[in-house]
Amino acid sequence: MSTLRIVLGDQLTRGLSSLRDYVPGDTVLMMEVVEEATYVKHHKQKLVLVLSAMRHFAEELRHHGFSVDYVRLDDAANTGSFTSEVQRAIARHKPSRVVVTEPGEWRVLEMMKGWGAEIVSDDRFFATPASFAAWAKDRKQLRMEFFYRDMRRLSGLLMEGDDPVGGYWNFDHDNRKSLPKDVTPPKRRRFEPDPVTREVMDMVAARFPDHFGDLEPFGWAVTRADALEALDHFISSCLPDFGDYQDAMKQGDAFLYHSVISPYLNIGLLIPREICDRAQAAWSRGDSPLNAVEGFIRQILGWREYVRGLYWLKMPDYAETNFLEARRPLPAFYWTGKNEMNCMAQAIGDTKAHAYAHHIQRLMVTGNFALLAGLDPKQVEQWYLLVYADAFEWVELPNTHGMALFADGGVMASKPYAASGAYIDRMSDYCTGCRFKPDVKLGPKACPFNYLYWDFLIRNEAKLKANPRMGMPYRTLAKMDAERKADIQRHAVKFLDSLG
Ligand code: FAD
Ligand code: DLZ
Ligand code: SF4
């Protein structure tokens, strides 16, 4: 009786459910396969992160006495896909049982069903797809805030008996400040590539030269020990200011006070519970204020769990909706970053350089543009899935399809996150370096976000006007004279036509 235990590239956790009852004689199978490297052309740093972290994790398992069968991308016999590699491994080991932890993507689950494996629950999360479905049942609206409150009660995080500590569930009214000029965020902990990472970097440079993004400098942690160091640095140096500057953007600083741990969380080097516990402990010690700690825990206990629940509840139909009937192709500058709109150039530039951009850059700059310009959701989603080191479909899709593009018609967000240039000007220093002006509405100097915003409302009036949360902008639009509306639309058409 021996068991073949499969570990995928985003399952790099020693306590993983598929490894839990390992006994000598069992084999752990890990596979580097070209299909996973190319189903979208992942950012080069994402490839290095996943493959180097897999190699380090295999060594860690061996060190702890596990027998690991590791198939490398450059092994001559590698057949290139999960399914054919599992078949080859079954022929090699002739196991009596095959076990695998449920994957993070619908696409992989469909493959997995053909492996003859026992698929076990991924209990690294606070909620399961089944518990989320039970929460969602009979609810008209699936709002994150109510799910989050239940998760607070269930986890006991930041609770005083049945009540939230500090008397409120959410302290966002204290957050969302722009960054004052004299405030300099701390330098972030980055990690020098070791020989294992260097070897992977050489392989990625040779085999995937046409993939998006800069390969170097590569500073991501690829082991749990280093990921914990990055987490501890965030908790001690950035968490106290996380709440205040969560929505701020600054030219030349991609990270500000954000944790920059999503890639580690999503591949399993860190576990959500331990991160929330450490953040809560920082508040208990008096090292971080409640608005910061609550805001941070909400991202992980609330948003992250919520999007996963939504993904598994709504897939596969979710990905096919296109509520606003957006069909414009993704403009070429999403790949090059070359654009006169400084905010777009900066957000895409950060993305190319680091395989990272923080939430507000993703939502209110590149996402906002895609929404207002009516870009095709499938093309936008593919972009988000490949450009970020933390992108796996279970978390990328709801954020892009639902939150940024409103392509689900309001399943996730109660209204579209549409904004004019004034928002970007308020939250960043991008506009000072831009050839457009955020306070100019029409004409050659006008910020394109300004006329695109009103054009978006005009174009989608039939679909959005009845939304109670859109009442104010539509009342303003109703007061606009026909000539101004026509002028706005002329500007928008000219601009959108110029995208090619
Ligand atoms: P912090 O701001 O420090 O937040 C802490 C943690 O909270 C993050 O590490 C992350 O795990 C979690 N979190 C925060 N917001 C969200 C959210 N909306 N959904 C899920 N988890 C969240 N996140 C991904 O992990 N992978 C993606 O592919 C991804 N795609 C996105 C696409 C779009 C269009 C948008 C608007 C958001 C996307 N996000 C994605 C959510 C969010 O932008 C990132 O989690 C965050 O920027 C990661 O940086 P950080 O670790 O510094 O986060
Ligand atoms: C993202 C990725 C890449 C690039 N390569 C591999 C790989 O070679 N082997 C592997 O097991 N996993 C890889 N992954 C992660 C998988 O694509 C991931 O398991 C799925 O996205 C499902 O969540
Ligand atoms: Fe972006 Fe408009 Fe500001 Fe330029 S003026 S940086 S386009 S918001």
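Every number for a ligand or one of its atoms is a count from 1 in the order of the listing.
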Next item on the list: Could you list which atoms of ligand 1 come closer than 4.0 Å to a heavy atom of N266?
Entry: 24 (C), 25 (O), 26 (N)

Next item on the list: With heavy atoms of Y384 as the reference, note each atom of ligand 1 found under 4.0 Å away.
Entry: 32 (C), 34 (C)

Notebook entry, point to check: Under 4.0 Å from any heavy atom of H358, which atoms of ligand 1 are there?
Noted result: 47 (O)

Notebook entry, point to check: Among protein heavy atoms, which lies nearest atom 7 (S) of ligand 3, and at what distance?
Noted result: M341 CB, 3.7 Å

Next item on the list: Just let me know how L51 lines up against ligand 2, side chain, backbone, both or neither, with a heavy-atom cut-off below 4.0 Å.
Entry: side chain

Margin query: Show me which atoms of ligand 1 lie under 4.0 Å from any heavy atom of I300.
Written below: 6 (C), 7 (O)

Check: At a non-hydrogen distance cut-off of under 4.0 Å, which region of L8 contacts ligand 2 (side chain, backbone, both, or neither)?
Finding: both

Check: Hey, is Q246 touching ligand 1 through its side chain, its backbone, both or neither, going by heavy atoms under 4.0 Å?
Finding: neither

Notebook entry, point to check: Given T366, I261, L385, L265, which one has a non-hydrogen atom that is nearest to atom 11 (O) of ligand 1?
Noted result: L265

Note to self: Taking side-chain contact (heavy atoms from CB on, under 4.5 Å) as the criterion, tell me which of E105, M112, M54 meets it with L8.
What the structure shows: M112

Item checked: N, O or S of C434 under 2.8 Å from atom 4 (Fe) of ligand 3 -> yes

Checklist line | Per-residue contact class, W394 against ligand 2 - non-hydrogen pairs under 4.0 Å | finding: neither

Margin query: Heavy atoms only, cut-off 4.0 Å: how does F242 contact ligand 1, side chain, backbone, both, or neither?
Written below: side chain

Note to self: Residue-level breakdown please: for Q11 versus ligand 2, do any non-hydrogen atoms fall below 4.0 Å on the side chain, on the backbone, on both, or on neither?
What the structure shows: neither

Next item on the list: Answer yes or no: does an N/O atom from V33 fall short of 3.5 Å to an N/O atom of ligand 2?
Entry: yes

Check: T400 heavy atoms, cut-off 4.0 Å: which ligand 1 atoms fall inside?
Finding: 32 (C), 34 (C)

Check: With respect to atom 9 (N) of ligand 2, which of E393, E32, M31 exhibits the smallest heavy-atom separation?
Finding: M31

Next item on the list: For L363, take its heavy atoms, then give the atoms of ligand 1 lying under 4.0 Å from any of them.
Entry: 36 (C)

Checklist line | Identity of the nearest option to atom 14 (N) of ligand 2, non-hydrogen atoms only, from V50, D10, L29 | finding: V50

Item checked: Presence of N, O or S from C343 under 2.8 Å of atom 1 (Fe) of ligand 3 -> yes

